Amino acid sequence: MFPKYEPFFKGLQFDTFVDLCGGTGATSVWIHQNYPDARIILNEINVDIFGIYTGIKHDYASFIDLVDYYERTYMALEGKENRKAMYLKVREEFHEEYYEIDVLDRSAMLYFLLCTNFNGIWQAKSSSGLYYTPFGNGGEKTGIYNRKGMEDFKAMVDKAEILCGSYEQVVIPDNSLVFADPPYISSHTQYDKRENFSDLMQFEMAEFLIAHSKKNKIAFCNKDDKMFREIFAGFSFEEFNVKYTASSKDTFGAKATEILVHNFNT
């Protein structure tokens, strides 16, 4: 979605970019490239994704060596079934030996899984809350990850202050651009290991952003919903027609309207 959001983020004036739900960090990377002087606060509640951040930030060479090992082994395999077998073996090791594996090793293992899974999504096993997404299509031709993208992430995360916690724990400096990309409303996606990101949590995040909107620029993206229209009344709404490939559990199927809510025009 970010190429569609990109025009709305150009030419803004702010001192700090705050990414409340960091995820892949793609938005923070774009901000760093286009606003190189801005301070970046990158927050992610998922401790395993945060482990990837810290591995890249603090022990990049070792992290890349581990990822490259997985890539070489995977790419040497012929056929989807052989690659799937490796994926499932690594996934099971990640799940069954989670607490015995070194954090850096575990982070590289997870990165490999995220690069080769189904559509890059995150699904957790209900009994543990740990990563358990199914295998992807196994059709990689030249490698499993983008070297330039990794270098861009490294450049960003080296500059960023990285945090691991829930969004409401983040201290927002004045004159910030605060960006929130939470799990979509009416989806199966878990915000943490306890529960899905409920409608109440969506409402509370919206309230959090509104409370910080007088001294900061705020941006929120999600699937369009009446609740967002009501609570963000008076804010700008940008609309985009999208087709989701997973995580939709409502009756409207994969087609939906994506919204970007912001106060950039005020």
Side-chain angles (χ1 to χ4, degrees), residues 1-3 19 21-30 32-33 42 44-125 128-160 162 164 181 189-190 245-247:
M1 285 302 299
F2 197 70
D19 198 343
C21 307
T24 65
T27 310
S28 290
V29 169
W30 186 88
H32 174 63
Q33 292 173 335
L42 177 63
E44 171 58 49
I45 193 172
N46 186 299
V47 67
D48 295 316
I49 295 176
F50 183 76
I52 294 175
Y53 294 177
T54 57
I56 295 172
K57 183 178 178 74
H58 298 302
D59 200 351
Y60 185 64
S62 297
F63 180 84
I64 290 297
D65 283 347
L66 289 165
V67 172
D68 285 348
Y69 165 78
Y70 282 111
E71 182 183 63
R72 286 193 305 271
T73 306
Y74 179 84
M75 295 301 298
L77 298 172
E78 295 185 2
K80 178 178 179 178
E81 290 308 311
N82 288 327
R83 290 181 172 185
K84 180 178 180 180
M86 177 183 170
Y87 177 91
L88 294 178
K89 181 179 179 181
V90 174
R91 188 186 68 174
E92 205 61 29
E93 182 181 351
F94 177 86
H95 193 270
E96 297 300 328
E97 301 180 22
Y98 180 89
Y99 296 102
E100 285 74 44
I101 303 172
D102 177 82
V103 173
L104 185 67
D105 292 344
R106 193 169 71 206
S107 298
M109 181 185 298
L110 176 62
Y111 189 80
F112 160 74
L113 293 170
L114 289 169
C115 289
T116 53
N117 74 3
F118 172 71
N119 208 42
I121 66 174
W122 184 285
Q123 289 181 346
K125 194 168 187 177
S128 65
L130 296 176
Y131 172 90
Y132 217 67
T133 308
F135 180 58
N137 61 28
E140 295 85 359
K141 301 295 185 182
T142 59
I144 65 168
Y145 73 98
N146 183 303
R147 267 61 177 171
K148 177 62 165 57
M150 177 67 81
E151 292 170 2
D152 291 343
F153 186 91
K154 171 64 173 170
M156 177 278 295
V157 81
D158 278 350
K159 181 182 177 69
I162 56 175
C164 185
D181 182 14
T189 306
Q190 286 184 306
T245 56
S247 297

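As the structure is a prediction and not an experimental result, all values here were calculated from the model.
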Cut-off 3.5 Å, no hydrogens considered: what does the side-chain donor-acceptor table look like for residues 135-142, sequence neighbours left out?
from	atom 1	to	atom 2	distance (Å)
Asn137	OD1	Gly139	N	2.9
Glu140	OE1	Tyr74	OH	2.8

Nearest heavy atoms of Glu44 and Gly22, plus distance in Å: OE1-N, 3.5 Å

May I ask you to test the Leu113-Thr133 pair for a side-chain heavy-atom distance under 4.5 Å? no

If I take atom CG from residue Leu110 and atom CH2 from residue Trp122, how far apart are they, to the nearest 0.5 angstrom? 4.5 Å

Please list all pairs meeting salt bridge (charged side-chain N to carboxylate O under 4.0 Å, His left out) that have one or both residues in residues 89-100, counting only residues at least two apart or in different chains. none

If you look at every heavy atom in Ala124 and Gly129, which pair is closest and at what distance? CB-O, 3.5 Å

Would you check if the side chain of Glu71 reaches a backbone N or O of Gly143 as a donor-acceptor pair within less than 3.5 Å? no

Once you round to the nearest 0.5 Å, how far does OH of Tyr87 lie from CG of Asn117? 4.5 Å

Between Asp48 and Leu130, is any pair of side-chain heavy atoms under 4.5 Å apart? yes

With a 4.5 Å heavy-atom cut-off, do Met150 and Ile64 have their side chains touching? yes

Distance check, rounded to the nearest 0.5 Å: Glu151 atom CD versus Ile56 atom CD1? 11.5 Å

With a 4.5 Å limit on heavy-atom distance, are the side chains of Tyr70 and Thr116 in contact? no

In Å, rounded to the nearest 0.5 Å, how long is the span from CZ of Arg72 to CD1 of Ile144? 11.0 Å

Check: Thr54 and Lys57 side chains under 4.5 Å, non-hydrogen atoms: no

In terms of side-chain geometry, is the basic nitrogen of Asp152 or Lys148 positioned less than 4.0 Å from the acidic oxygen of its partner? yes

Is any side-chain heavy atom of Tyr131 closer than 4.5 Å to a side-chain heavy atom of Asn46? no

So, Asp158 versus Tyr60: side-chain donor-acceptor pair below 3.5 Å or not? no

Taking the side chain as every heavy atom from C-beta outward, state whether Thr27 and Asp181 have any pair of such atoms under 4.5 Å apart. no

Which word best sums up how the rings of Tyr53 and Phe153 line up, parallel for under 30°, tilted for 30 to 60°, or perpendicular for over 60°? tilted

Working to the nearest 0.5 angstrom, can you tell me the gap between Lys159 NZ and His32 NE2? 6.5 Å

Any idea which heavy atoms bring Leu42 and Ala160 closest together, and the distance? CB-CB, 4.4 Å

Indicate yes or no: at least one non-hydrogen side-chain atom of Phe63 is less than 4.5 angstrom from one of Ile52. yes

Donor-acceptor pair between Ser28 and Asp19 side chains, under 3.5 angstrom: yes

Is the NZ atom of Lys154 crowded by more than 12 outside heavy atoms at less than 6.0 Å? yes

Return the CE to CG distance between Met109 and Asp102, rounded to the nearest 0.5 Å. 10.0 Å

Counting only N and O atoms by type, is there a donor-acceptor contact under 3.5 Å from the side chain of Gln123 to the main-chain atoms of Tyr132? no

Both conditions, 6.0 Å and 45 degrees, for the charged tip of Arg147 above the ring of Tyr145: are they met here? yes

